[in-house]
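Lettering follows sequence order; numbering is per chain, from 1.
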Amino acid sequence: MRRPAPSLELVIKVVVSVLALAVVVLVTGTVLHEEYIEQVGVEKQQVKRLLPTLERLSSGEARLLSEQIGKYWSIAGYVPGQSSEVSFTSADGRRWQVVFDRRGIFSDLVIKRRKVLLVGMVALLFAVEAAVFLAYSITRPVKAMAWACREVASGRWVHVPGRARRFLEFETLRTTFDEMVDELIRMKNMEHQIERVKRLAAIGQVVAGVSHEIRNPLASMKVHLDLVSEMVPEEGKTSVAVIDQELNRLNRAVTDLLRFARPTEPVKGPVEVRGVFDWCFRMVKAQLFSRRIEWKEKIEGDGLCIWGDTSQLRQVLLNLVLNSVRAMSKEGGTLEVAAREEGNQVIMQVSDTGPGIPPDLAERVFDPFFTTYADGTGLGLSMVQQIVEKHGGTIDFETSESGTTFIVAFQSGRERVE
Amino acid sequence: MTSEALLFQMAAFGLYALLVILLAGQAFYWNENRWLFYLGARKLSLSFSVSTFVGTWMSAASVLGYTLWAFQGGYEAFTASVNGWLLGLVFLPFSVLKLRKSRALSLPQWLTEEYGDPRLRKLSAAALLVAYILYIVIQFQVFGSIVSRMLGASTLLSSLLIYLFVIYTTFGGLPSVAKSDVLNVLVIVFGLTVAAFAIVWTAGGPVDIHRRLAANSPGMLKVLDKRGALFTFTIMLGWGFGVASNPQYMIRIMSARDTKTAWSMLILSSVVVGWIYVCLTFIGLGGKALSFGEVWSGDDFFGVFSSALSPEVYTLLLIAVLAAAVSTANSQLLLAACSFCYDLFPSISGGRKAKDILDEDRFLLANRVIIGAIATVSLVLSWVFSPAILDIGQYSWAVVSICFFLPMYLPVRKKRKGLFGAIAAAFVAHTLFVYVVGLPPEQALVPSLCIEWMVWQFSPGGERP
């Protein structure tokens with residue numbers, strides 16, 4: 001089995017520690033060596049100075065003098081062949097050699113300078129701890145980058161966490177990665193859009209065919225039902241009424257489907273926003289009342305108007321409002337429709353205080369036939385999006401647990417009129 | 001001291017320092033998180049668990065304190081202190097299943113999760129923080145005085161060394177502490193064993209030591225304190241309860257790889273700890289016996305050993321004490337930082353789960369900053385050391401026992417509410433016993449625990465749902 005690669009942090013720590021140790025050893029070693037050489041020189045000087053005196057003394061006197069004066073040197077009988085730095089012959093003719101206690105000099109030096117060694121050890125520990133933090137500052141950005149890569153690989157689009165990096169290289173890496181993620185998100189969205197368009201086209205074709213096939217028999221059934229209804233005795237009238245009602249409902253659904261599948265081109269002109277709001281309020285007034293929903297209307301600016309198709313704009317607002325009403329149908333709440341002008345655009349907002357759209361469904365709200373209601377067709381928001389796009393506008397929404405706001409932007413009608 | 005001995009001590013200390021640097025774990029692990037940092041991801045093997053348990057058990061204060069007590073007081077030291085500590089060790093197995101079952105990262109968190117009162121977490125964490133800071137001060141002091149004795153440097157510079165050692169080993173969290181503890185325990189056991197054998201050898205054997213003590217100081221053969229059996233017994237209980245409720249040991253139970261490892265750790269550790277106490281007893285009593293001789297006299301504790309032992313053995317003894325100081329201080333520093341960052345100010349941790357990888361990283365960095373801060377405070381306190389710190393230190397262990405002993409070991413009606421009030425009552429009672437009645441803090445602990453039990457037992461509120 002392959003052993004895991006060593007950690008960069010460990011390598012940095014070891015390298016810096018070894019370097020610090022080497023520096024400490026070199027510095028303290030140099031200091032000690034210099035002092036050692038100096039001390040040896042001092043001892044040699046002393047011996048040199050005393051040499052003439054020693055040569056005038058007898059062996060016993062010379063030995064006594066060396067014991068009294070020489071801290072790090074002594075005299076010993078000369079041994080032929082043994083290298084000796086200094087040798088002399090005493091007055092009684094005996095040959096002596098001077099022996100230096102180099103170990104003693106060094107030991108005393110180490111003891112004398114032990115504080116230097118201790119400070120060196122403190123410096124070494126500081127250096128090792130600094131190495132640990134250096135390793136930390138280098139490896140953390142890499143760690144954050146690795147985390148971001150893992151997240152992206154698992155399908156979660158994230159940027160590299162953390163603040164801007166101190167070092168140019170890491171900052172460049174971070175911004176490049178973030179830009180790459182942004183680009184990938186853009187491409188993903190585009191792919192999603194293309195896929196959606198293709199899907200819609202396919203659905204549209206099927207829906208148009210099926211709706212057409214249904215609509216003709218429906219029209220025929222409606223005509224014949226009208227004819228038959230006059231011949232039906234009194235006790236059968238209720239059933240005929242129910243059939244008529246259901247045929248109407250079926251017809252509306254088919255009309256919706258056809259409208260979705262073959263959208264008509266908008267006939268644009270200036271449409272006053274207040275008029276659209278008032279019309280919509282009249283349409284839903286009864287529902288609002290029965291579901292205890294408060295209606296709030298806010299239009300900033302006078303004579304605010306949109307450049308669009310009146311009936312299609314009404315359709316947009318009505319669908320959004322009905323969507324909000326449904327979201328608040330259990331608990332009631334507040335429904336706010338608002339409009340304001342921003343540059344050459346009119347921003348229309350429909351907000352509710354419902355439970356919000358769950359995050360896992362948020363991406364699919366504009367998909368045709370997607371609905372969370374048992375009796376819904378799932379075409380309302382798809383049609384809204386379709387109409388908005390036909391008008392060259394945009395639609396978006398914000399949602400949380402305290403409600404949802406749909407934001408629609410249309411071209412302002414004021415400039416066109418002027 | 002001869003220059004040869006001094007050189008030897010310097011070399012030994014240098015070697016120990018290098019080994020700590022090289023063997024202690026790396027500080028910032030690639031995949032670290034608080035689980036790894038505080039509990040070693042609950043994966044410590046038996047050898048690491050035993051090492052870190054014994055390492056944290058053997059503090060410099062207890063090694064020196066007990067040996068000095070044996071040196072000065074004789075057999076009573078064993079009766080009152082070692083018996084008490086080992087009694088605490090007997091309690092610990094009863095906490096194993098409770099602690100292993102919990103997913104808490106700290107003892108204050110365990111207390112709160114077990115009894116459902118967030119105030120318990122803050123209170124116990126604050127108690128631990130103060131107790132550990134004071135105890136770290138003592139470790140720094142002991143280390144500083146020994147190193148200054150060994151190297152002839154100032155205490156200030158010497159305690160700076162342990163400061164750096166401890167910070168270095170604690171930065172890596174429990175895995176790093178456990179690694180350094182392996183080295184420290186080897187040094188402690190080896191150093192004390194060699195020193196004990198050398199002392200006994202020099203003194204002529206255990207029987208001779210006993211005979212010398214009997215001849216020169218018969219009072220040292222008494223097994224009970226001169227204040228009586230009750231005093232000895234209550235002191236023993238106080239120390240035992242202190243050990244049994246010390247989170248340093250409980251956290252090692254939590255960090256063991258599995259429950260079986262935790263049991264094995266307690267059994268093996270008790271053998272090692274027992275052996276160390278035997279060594280310390282012989283060192284203390286043997287040193288005293290030798291001090292009666294013609295060569296060594298007086299009560300100079302270090303003087304006796306430096307004269308009686310060869311430089312090599314004496315150095316081993318001193319290095320063992322240093323290792324004991326480092327091994328306890330780093331474990332206490334880690335727990336103090338945990339109490340501060342995780343329990344007292346949980347906002348630092350941003351709750352139990354981090355948002356992204358850097359959140360966790362920032363939390364662990366905050367822990368390291370706090371480790372540095374606590375160590376710095378302890379260092380400064382050790383420089384302005386006063387005996388009052390030792391007194392407060394003794395008091396603080398009683399506080400920790402009051403927080404954890406009954407909640408951990410009381411078998412009946414333990415889910416009863418009112419623990420916070422009971423602990424508060426016990427604190428008040430303990431303070432009164434110590435400062436009004438004049439009892440030693442360890443002795444005052446036993447009646448304080450009785451009061452805590454009664455208040456808890458009779459406080460309103462039923463079983464916790």
Side-chain angles (χ1 to χ4, degrees), chain A residues 4-14 17-18 20-21 24-25 103-104 106-129 131-148 150-151 156 158-163, chain B residues 1-11 13-18 20-22 24-32 147-148 150-154 156-172 176 354-362 364-365 368-369 371-372 375:
Chain A
S7 148
L8 177 63
E9 185 273 324
L10 183 67
V11 172
I12 291 173
K13 194 184 90 174
V14 169
S17 304
V18 169
L21 184 63
V24 168
V25 168
R103 193 178 165 184
F106 188 74
S107 300
D108 283 358
L109 205 58
V110 169
I111 290 163
K112 194 175 148 197
R113 295 288 175 219
R114 60 185 178 270
K115 279 184 189 163
V116 174
L117 295 173
L118 207 56
V119 170
M121 204 173 281
V122 169
L124 176 64
L125 280 166
F126 266 119
V128 172
E129 277 163 32
V132 170
F133 275 97
L134 177 70
Y136 173 79
S137 64
I138 291 174
T139 55
R140 284 315 100 158
V142 180
K143 188 176 176 180
M145 184 67 70
W147 176 81
R150 266 199 307 274
E151 291 292 300
R156 284 183 291 277
V158 294
H159 284 159
V160 182
R163 288 171 297 168
Chain B
M1 193 191 311
T2 64
S3 59
E4 191 191 349
L6 191 57
L7 269 180
F8 198 82
Q9 285 173 15
M10 284 177 69
F13 182 73
L15 181 67
Y16 172 74
L18 271 180
V20 168
I21 290 171
L22 295 176
Q26 63 195 90
F28 294 93
Y29 290 84
W30 179 256
N31 287 322
E32 69 180 359
V147 171
S148 66
M150 280 173 81
L151 308 182
S154 66
L156 195 135
L157 189 61
S158 308
S159 47
L160 188 64
L161 275 171
I162 187 175
Y163 168 79
L164 291 170
F165 277 146
V166 167
I167 284 188
Y168 178 72
T169 50
T170 317
F171 267 170
S176 170
K355 274 204 309 283
D356 60 44
I357 197 164
L358 286 195
D359 259 13
E360 192 68 4
D361 223 54
R362 276 187 284 269
L364 294 179
L365 187 63
R368 284 165 178 131
V369 171
I371 284 171

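Distance alone, capped at 3.5 Å, is enough to place a donor-acceptor pair between the B:R368 side chain and the B:F171 backbone. In this structure, B:S176 contributes its side chain and B:T169 its backbone to a donor-acceptor pair below 3.5 Å.
One finds the OG1 atom of B:T170 at 12.5 Å from the CZ atom of B:F165 (value rounded to the nearest 0.5 Å). Separating the CG atom in A:L124 from the CD atom in A:E129 is a distance of 10.0 Å, to the nearest 0.5 Å.
Counting heavy-atom pairs closer than 4.5 Å to chain B, the top residue among A:V119, A:V158, A:V110, A:L21 is A:V110.
Using a 4.5 Å cut-off between heavy atoms, A:A146 touches chain B through its side chain atoms alone. Heavy atoms of B:L164 lying under 4.5 Å from chain A belong to its backbone as well as its side chain. Both the backbone and the side chain of B:I167 come within less than 4.5 Å of a heavy atom in chain A.
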